[in-house]
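The structure under discussion appears below in the form of structure tokens.
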2 protein chains.
Amino acid sequence: MGGSVKNRLKVLRAERDWSQQDLAQRLEVSRQSVNAIEKGRYDPSLPLAFKIADIFGLAIEDIFSRD
Amino acid sequence: MGGSVKNRLKVLRAERDWSQQDLAQRLEVSRQSVNAIEKGRYDPSLPLAFKIADIFGLAIEDIFSRD
DNA sequence: CCTTTTTGGAAAGTTTGCTTGACATTTGCA
DNA sequence: TGCAAATGTCAAGCAAACTTTCCAAAAAGG
């Protein structure tokens, strides 16, 4: 059904007071993609995971984890 | 055209004396996928990147890097 | 209340990851 | 030399990641 990795996006966004839209713009992806990934409807690609890690200043493993 | 992340798969395989086939079996993906990823023809999915990291006992960032 | 922002998600289309199957070339080694 | 294992790549097809457009509901803040 959905993605196979968990993520901490909601909390990380909240800590920075970023809306899904804000994050989407920084990532240069659509807001729907951010929403879908955050809700676990599907997994981000590896390049996108790198970009997300970059923007939050964390390692991929600190944001995503295998379920 | 191709994938956007670099990888150290060839060296990591060599250190363990694993063929692409050996690695493919451990990852439960096709040999062609391992070859394509290793040659940078496309990027692995995030779940597959996690599995690769797991099998080599390294962090994703120690195997793949943003180009 | 009322309005605006934010979030959740459906539908349809494109691109990319991955599959199987096949074949050619290279490498290793008896 | 020669045979086997390993590598590289193509083609066709399915699945997953992403897009845009659109709508509905929740949350936030007057």
Side-chain angles (χ1 to χ4, degrees):
Chain A
M1 217 199 320
S4 63
V5 306
K6 287 185 190 168
N7 72 80
R8 303 203 309 125
L9 290 184
K10 190 169 184 175
V11 170
L12 294 173
R13 267 197 315 109
E15 287 173 353
R16 292 159 181 76
D17 196 27
W18 291 349
S19 67
Q20 292 181 346
Q21 181 71 294
D22 292 334
L23 179 55
Q25 284 170 201
R26 289 172 194 266
L27 294 171
E28 299 177 297
V29 296
S30 69
R31 183 188 65 83
Q32 284 79 353
S33 286
V34 168
N35 182 271
I37 291 166
E38 182 169 314
K39 300 294 291 184
R41 302 201 310 123
Y42 55 73
D43 300 320
S45 65
L46 183 58
L48 182 50
F50 264 109
K51 210 165 183 181
I52 292 170
D54 214 32
I55 283 174
F56 285 114
L58 295 170
I60 289 178
E61 286 84 354
D62 292 330
I63 303 176
F64 300 97
S65 60
R66 292 178 82 189
D67 200 21
Chain B
M1 224 201 306
S4 64
V5 306
K6 288 185 191 168
N7 71 81
R8 303 203 311 125
L9 290 184
K10 190 168 184 176
V11 171
L12 293 173
R13 268 197 316 108
E15 287 173 353
R16 290 157 181 79
D17 196 26
W18 289 349
S19 67
Q20 293 182 347
Q21 182 72 287
D22 293 335
L23 178 55
Q25 284 172 202
R26 289 171 194 265
L27 294 171
E28 298 176 298
V29 296
S30 70
R31 182 187 64 83
Q32 285 83 345
S33 287
V34 168
N35 183 268
I37 291 165
E38 183 170 312
K39 300 293 291 184
R41 302 206 306 121
Y42 55 74
D43 301 318
S45 66
L46 183 58
L48 183 51
F50 265 111
K51 209 164 184 181
I52 292 171
D54 214 32
I55 283 174
F56 284 114
L58 295 170
I60 289 178
E61 287 84 354
D62 292 330
I63 303 175
F64 300 97
S65 60
R66 273 215 308 157
D67 200 20

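Order of the sequence lines sets the chain letters (A, B, ...), proteins ahead of strands, with each chain counted from 1. Side chains included, hydrogens not; waters and symmetry mates left out as well; all remaining heavy atoms used. Treat the numbers as computed from the prediction; the structure is a model and nothing was measured.
In this structure, the separation between CZ on Arg8(A) and CG on Leu58(A) is 7.0 Å, given to the nearest 0.5 Å. Trp18(A) CH2 to Ile55(A) CD1: the interatomic distance, rounded to the nearest 0.5 Å, is 6.5 Å. For the atom pair CG of Leu27(A) and CG of Asp54(A), the computed distance is 10.0 Å after rounding to the nearest 0.5 Å.
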Before you tell me yes or no, could you show the steps for Ile37(A) and Leu48(A) under side-chain contact (heavy atoms from CB on, under 4.5 Å), namely the whole-Å CA-CA distance, both residues' side-chain angles and the distance that decides it to 0.1 Å?
CA-CA 11 Å; Ile37(A) 291 166; Leu48(A) 182 50; 3.7 Å; yes

Any chance you could lay out the side-chain contact (heavy atoms from CB on, under 4.5 Å) test for Leu9(A) and Ile52(A), step after step, and finish with the verdict?
CA-CA 9 Å; Leu9(A) 290 184; Ile52(A) 292 170; 3.8 Å; yes

Candidate pair Asp22(A) and Arg16(A), rule salt bridge (Lys or Arg N to Asp or Glu O under 4.0 Å), full reasoning:
CA-CA 10 Å; Asp22(A) 292 334; Arg16(A) 292 159 181 76; over 6 Å; no

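Gln21(B) has its CD atom 18 Å from the P atom of dG28(C), to the nearest Å. Between the NZ atom of Lys39(A) and the P atom of dG8(C) there is a distance of 4 Å, given to the nearest Å. Note: CD (Gln25(B)) to P (dT7(D)) measures 12 Å, nearest angstrom.
Both Pro47(B) and Ala36(B) sit near DNA chain D, but only Ala36(B) has its closest nucleotide nearer the 5' end.
A search for side chain to side chain donor-acceptor pair (under 3.5 Å) contacts involving Ser65(B) returns nothing, not counting sequence neighbours.
Axis angle, first five pairs versus last five pairs of the helix from dC1(C)-dG30(D) to dA30(C)-dT1(D): 50°, rounded to 10°.
Residue Gln20(B) has its side chain nearest to dT7(D) when only dT7(D), dT9(D), dG8(C) are considered.
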What does the list of N/O pairs under 3.5 Å between the protein and nucleotides 18-22 of chain C look like, with a distance for each?
residue, atom, partner, partner atom, Å
dC18(C), OP1, Ser45(B), N, 3.1
dC18(C), OP1, Ser45(B), OG, 2.7
dC18(C), OP2, Ser45(B), N, 3.3
dT19(C), OP1, Ser30(B), N, 3.1
dT19(C), OP2, Ser30(B), N, 2.9
dT19(C), OP2, Ser30(B), OG, 2.6
dT19(C), OP2, Ser33(B), OG, 2.2
dG21(C), N7, Gln32(B), NE2, 3.4
dG21(C), O6, Gln32(B), NE2, 3.0
dA22(C), N6, Gln32(B), NE2, 3.2

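Contact check for Lys51(B) versus Glu28(B): side-chain heavy atoms found under the 4.5 Å cut-off.
In this model, the phosphate group of dA17(D) is not approached by any side-chain N or O of Arg41(A) to a distance below 4.0 Å at OP1 or OP2. The side chain of Asn35(A) places an N or O atom within less than 4.0 Å of a non-bridging phosphate oxygen (OP1 or OP2) of dG8(C).
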